[in-house]
Amino acid sequence: MEKRVRLRFAPSPTGGLHMGGVRTALFSYLFAKKHGGDFVLRIEDTDQTRYVNGAEEYIINSLKWCGIEPNEGVGFGDGPYAPYRQSERKELGIYKKYADQLLASGHAYIAFDTSEELDEMRKRLEAAKVVAPQYNAVTRQNMRNSLTLPENEVKKLIESGLPYVVRLKVPRNEEIRFHDIIRGWVTVNSSQVDDKVLLKSDGMPTYHLAHIVDDIEMKISHAVRGEEWLPSAPSHILIYRYLGLEHDMPKLAHLPLILKPDGNGKLSKRDKSGLPMFPLDWFDERTGEKYVGYRESGFTPDAFINMLALLGWNPGDNREIMSKEELISNFSFERVNKSGAKFDPEKTKWFNQQYLRMKTDEQLADAVIPLLEAKGIHKEKAFVVEFCRLIKEKAHFITEFFDLGSYFFISPNSYDEKVMTKKWNHESKELFTKLAVKFESISNWDSQTLHDCFQTAQTEIGKLDMQVLRVLTTGVAGGAQLFDLLALLGKEEVIARLNASLSIL
RNA sequence: GGCCCGUUCGUCUAGGGGUUAGGACGCAUCCCUUUCACGGAUGAAACACGGGUUCGAUUCCCGUACGGGCUACCA
């Protein structure tokens, strides 16, 4: 009988959730939903020294905004496997139980080495030309642990309160083979694997132990994480094996990394591409650094998610714009690429533009109105709806609307020089003054009438340049469709602007 | 350095033993347009290299190069 599909997103609250993490969550969510399974949020806060205030809430809010909501876990209603915070689970003694089991079966041991002693060991090995110093089957023989110390001595040291860690006893030379849904079979020799710390001296488990214990206890069917975890997967296989749980372990999927748009390396939280790296604004109170979010930059969550989904995955055909439902029904790990994908800021903008165009003018207006009001501009809804209709084809982001069409709200105080030097001559003033008079006689002030009026006026007063009219009324060389724009501005305003510009020029 | 993973247009990618190697973003040109755009059409642009295997490799295998990741009592 197949296991119920259950995937978890398990970030550590050490800062804002960056878009790579969002993608990991997204892929897990898509797979879970596709198979009618569960999506769980677990908080891996086993490192107290790196805990950042507000990070947990940020993670929860980000997932909500993105529309990839867990149905179980921290912030989303506890399910049958509560608690979902590792620090709380530690209090229950869950991890220690498993560590004790490994200790009892001889697959783990106790080590008393201080960090100074570990440093010394590494230096010694480096001096002896060992390229990758590690605590392993060879080096542990020279360290202070329960394998080198007599039993009663170990007991005495523990009782004396000396801090110690529990380490995994990795065999010296053994092939470790495991299967990854995305990459296929991967083989590593255990000589490359170090004796990972399982339980830290403060009693907290490390990630290595904790995620395994929780994945088992929470009946997780698929463990999805970034490629940076691939090298530690062999350790994890060993832990499952020694716990007698190798057949119950989740299937593994290591996602390719998201790379920087220019140059090389993985995408960092600071990138010069001009686009955000975080879903929402994030302020790190430790460093005082601010990071802008996709939400605040005018992205819609659908566009953000769509773009992220296609970074390393594709449906197998040419489709690119897909709703969340379509992403769910088409998703599979088999179609996830193995190689890293460079983040493409231009295409990301394009995605948002596509989603912007799917919105009605009414919806756009609802989003734009608060942005205008923040600038102290108060206009009736109908005006803003029409404004959105005229400006949307030029915009990539909702936040650009004002900048792209500020002349709808503010009279010009300067006139595009390029256009004026090229097209304005000694006759122009007279011609456009006559046009203004014609405009004044219009009683039915709409786009079509303005257009007709402009055309017929030319037969009487002479050739008129449309772009000049544009500059005279808006100040800028480009913008929304001219007569629509003038229609919306209204007769009074247009005449006033025309008179103002003609008196200056 | 060692180990692991990877490599199709600039970027995201489809494909897969015999194809004119397909799409998208971006770019260029043209059409539409008395403004501004949208739109439409067209174009430039890729299988990292070297050996095999094969009648035939971009596709399979092995090397090399290059790129990335990991190498903590961090996740």
Side-chain angles (χ1 to χ4, degrees), chain A residues 10-15 44-47 49-50 111 113-115 118-119 122 126 129-135 163-167 180 182-183 186-189 191-194 196-208 210-211 225-234 254 256-257 259 261-266 307 310-321 335 337-351 353 357 390-394 404 419 423 454-455 458 463-471 474 476-485:
Chain A
S12 62
T14 53
E44 308 221 326
D45 56 349
T46 53
D47 187 352
T49 63
R50 295 209 309 157
D113 316 279
T114 62
S115 54
L118 291 171
D119 281 349
R122 289 189 191 102
E126 270 162 35
K129 300 255 161 69
V130 175
V131 280
Q134 55 178 17
Y135 209 114
Y164 65 89
V165 301
V166 174
R167 281 183 184 271
D180 181 286
I182 295 169
R183 286 150 209 286
V186 178
T187 309
V188 180
N189 190 285
S191 61
Q192 303 300 328
V193 179
D194 66 341
K196 290 241 163 5
V197 170
L198 266 18
L199 229 42
K200 299 186 258 189
S201 55
D202 64 0
M204 279 285 190
T206 58
Y207 166 82
H208 305 293
H211 92 275
R225 77 234 295 198
E227 191 185 349
E228 71 267 28
W229 290 105
L230 208 46
S232 59
H254 289 94
L257 265 15
L259 274 17
D262 54 342
N264 303 308
K266 74 173 164 178
M307 174 278 292
L310 256 26
L311 224 44
W313 173 84
N314 72 81
D317 53 37
N318 287 334
R319 272 176 302 170
E320 294 198 296
I321 301 299
R335 294 210 63 88
N337 281 311
K338 296 180 184 70
S339 49
K342 282 190 187 178
F343 173 60
D344 186 344
E346 287 308 316
K347 189 136 187 187
T348 301
K349 290 181 193 171
W350 175 82
F351 270 109
Q353 188 182 35
R357 288 186 185 167
L390 296 177
I391 217 74
K392 68 178 173 188
E393 63 193 21
K394 296 168 184 44
L404 287 168
V419 173
K423 296 180 170 174
F454 182 78
Q455 295 299 0
Q458 292 188 80
K463 170 89 175 146
L464 294 161
D465 190 287
M466 261 177 100
Q467 199 176 21
V468 173
L469 177 58
R470 174 184 290 283
V471 174
T474 69
V476 290
Q481 151 50 29
L482 185 56
F483 296 113
D484 285 356
L485 181 176

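In the text below, chain A, chain B and the rest are named by the order of the sequence lines, each starting its count at 1.
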**Message:** Starting the side chain at C-beta, find the nucleotide from G15(B), U35(B), A75(B) nearest to Gln481(A).
**Reply:** U35(B)

**Prompt:** With a non-hydrogen cut-off below 4.0 angstrom, is Glu126(A) in contact with a base, only sugar-phosphate, or nothing?
**Reply:** nothing

**Request:** Just call it for Leu464(A): base, sugar-phosphate, or nothing, with non-hydrogen atoms closer than 4.0 Å on any strand.
**Result:** base

**Per-nucleotide protein contact string for nucleotides 6-12 of chain B, where B marks a base within reach and S marks sugar-phosphate only (heavy atoms under 4.0 Å, - for neither)** = SS---BS

**Asked** Checking all strands, does Ala477(A) fall into the base, sugar-phosphate, or nothing category for heavy-atom contacts under 4.0 angstrom?
**Response** sugar-phosphate

**Prompt:** Taking the side chain of Val188(A) as its heavy atoms from C-beta onward, which of C36(B), C73(B), C3(B) lies nearest to it?
**Reply:** C3(B)

**Prompt:** Leu257(A) CG to C5(B) P: how many Å, rounded?
**Reply:** 15 Å

**Asked** Does U71(B) have a Watson-Crick or wobble mate here (both distances under 3.5 Å), and if so which one?
**Response** G1(B)

**Euclidean distance, atom CZ of residue Arg225(A) to atom P of C74(B) [Å, nearest integer]** = 17 Å

**Prompt:** Between the base of U71(B) and the side chain of Gln192(A), is there a donor-acceptor distance below 3.5 Å?
**Reply:** no

**Message:** Give me the distance, rounded to whole Å, that separates G50(B) from U13(B) when you measure between the P atoms they each carry.
**Reply:** 26 Å

**Prompt:** In whole angstrom, what separates Asp194(A)'s CG from C73(B)'s C1'?
**Reply:** 12 Å

**Request:** Find the distance between CD1 (Ile391(A)) and CG (Asp484(A)) and round it off to the nearest 0.5 Å.
**Result:** 11.5 Å

**Asked** What nucleic acid atoms does Lys266(A) come within less than 4.0 Å of, heavy atoms only: base, sugar-phosphate, or nothing?
**Response** sugar-phosphate

**Asked** When all nucleic acid strands are considered with a 4.0 Å heavy-atom cut-off, which category describes Glu228(A): base, sugar-phosphate, or nothing?
**Response** sugar-phosphate

**Item:** Non-hydrogen side-chain atoms of His254(A) and Arg225(A) separated by less than 4.5 Å
**Value:** yes

**Asked** Where do Lys266(A) and Phe343(A) land on the side-chain contact (heavy atoms from CB on, under 4.5 Å) test, with the steps shown first?
**Response** CA-CA 10 Å; Lys266(A) 74 173 164 178; Phe343(A) 173 60; over 6 Å; no

**Asked** From Asp194(A) CG over to Arg167(A) CZ, what is the distance, rounded to the nearest 0.5 angstrom?
**Response** 7.0 Å

**Request:** Decide yes or no for Glu227(A) and Arg183(A): does some side-chain heavy atom of the first lie under 4.5 Å from some side-chain heavy atom of the second?
**Result:** yes

**Request:** Evaluate the side-chain proximity of Leu118(A) to Tyr135(A): yes if any heavy-atom separation is below 4.5 Å, no if none is.
**Result:** yes

**Gap between atom CG of Asp180(A) and atom CG of Leu230(A) - 0.5 Å precision** = 6.5 Å

**Asked** Closest approach of Pro261(A) and Lys342(A), non-hydrogen atoms and distance?
**Response** O-CD, 3.7 Å

**Message:** Taking side-chain hydrogen bond (donor to acceptor under 3.5 Å, both in side chains) as the definition, give me every residue that meets it alongside Lys200(A), ordered by chain and number, with sequence neighbours left out.
**Reply:** none

**Prompt:** Nearest-Å distance, OH (Tyr207(A)) to C1' (A72(B))?
**Reply:** 15 Å

**Prompt:** Whole-Å distance between U33(B) C1' and Leu469(A) CG?
**Reply:** 16 Å

**Request:** Name the nucleic acid region contacted by Val186(A), choosing base, sugar-phosphate or nothing; use a 4.0 angstrom heavy-atom cut-off, strictly under.
**Result:** sugar-phosphate

**Request:** If G6(B) has a Watson-Crick or G-U wobble mate with both distances under 3.5 Å, name it; if not, just say none.
**Result:** C66(B)

**Message:** Given A37(B), G15(B), C73(B), identify the nucleotide with an atom nearest to the side chain of Lys200(A).
**Reply:** C73(B)

**Prompt:** Glu393(A) side chain: which of C38(B), U35(B), C5(B) is closest?
**Reply:** C38(B)

**Request:** Ignoring backbone atoms, test whether Ser115(A) places a side-chain nitrogen or oxygen under 4.0 Å from the OP1 or OP2 oxygen of A72(B).
**Result:** no

**Prompt:** Which of these nucleotides, U35(B), C25(B), C74(B), is closest to any side-chain atom of Gln467(A)?
**Reply:** U35(B)

**Item:** Close side-chain approach of Thr46(A) and Thr206(A), heavy atoms under 4.5 Å
**Value:** no

**Request:** Answer with base, sugar-phosphate or nothing: what part of the nucleic acid does Thr46(A) contact at a heavy-atom distance below 4.0 Å?
**Result:** sugar-phosphate

**Complete:** Among the nucleotides C74(B), G69(B), G23(B), whichever has the atom closest to the side chain of Asn318(A) is G23(B)

**Item:** Interatomic distance, Leu404(A) atom CG to Glu393(A) atom CD [nearest 0.5 angstrom]
**Value:** 11.0 Å

Between the protein and nucleotides 39-46 of chain B, which nitrogen or oxygen pairs come in under 3.5 angstrom?
unit_1 : atom_1 : unit_2    : atom_2 : d
G39(B) : OP1    : Arg357(A) : NH1    : 3.1

**Request:** Just call it for Arg122(A): base, sugar-phosphate, or nothing, with non-hydrogen atoms closer than 4.0 Å on any strand.
**Result:** sugar-phosphate

**Request:** Looking only at side-chain atoms of Leu230(A), point me to the closest of A75(B), C3(B), C5(B).
**Result:** C5(B)

**Request:** Determine the contact category for Leu482(A): base if any of its heavy atoms lies under 4.0 Å from a base atom, sugar-phosphate if only primed atoms, P, OP1 or OP2 are that close, otherwise nothing.
**Result:** base

**Request:** With the side chain counted from C-beta on, respond yes when Leu485(A) and Arg470(A) share a heavy-atom pair under 4.5 Å apart, and no when they do not.
**Result:** yes

**Message:** Please report the distance, rounded to the nearest Å, between CH2 in Trp350(A) and P in C27(B).
**Reply:** 14 Å

**Request:** With the side chain counted from C-beta on, respond yes when Phe351(A) and Leu310(A) share a heavy-atom pair under 4.5 Å apart, and no when they do not.
**Result:** yes

**Prompt:** So what's G43(B) paired with, Watson-Crick or G-U wobble, going by both distances under 3.5 Å?
**Reply:** C27(B)

**Message:** Nearest whole Å is fine: how far is A37(B) P from Leu390(A) CG?
**Reply:** 15 Å

**Message:** For a quick check of understanding: with a heavy-atom distance under 4.0 Å over all strands, which category does Phe351(A) fall into, base, sugar-phosphate or nothing?
**Reply:** nothing

**Prompt:** On a whole-Å scale, what distance lies between the C1' atoms belonging to C31(B) and C38(B)?
**Reply:** 14 Å

**Item:** Complementary nucleotide for U54(B) - Watson-Crick or wobble, under 3.5 Å
**Value:** none

**Asked** A37(B) C1' sits how many Å from Lys392(A) NZ, rounded?
**Response** 13 Å

**Request:** Assign Gly478(A) to base, sugar-phosphate, or nothing according to its heavy-atom contacts below 4.0 angstrom with the strands shown.
**Result:** sugar-phosphate

**Item:** Any strand: nucleotide that pairs with A14(B) via Watson-Crick or wobble, under 3.5 Å
**Value:** none

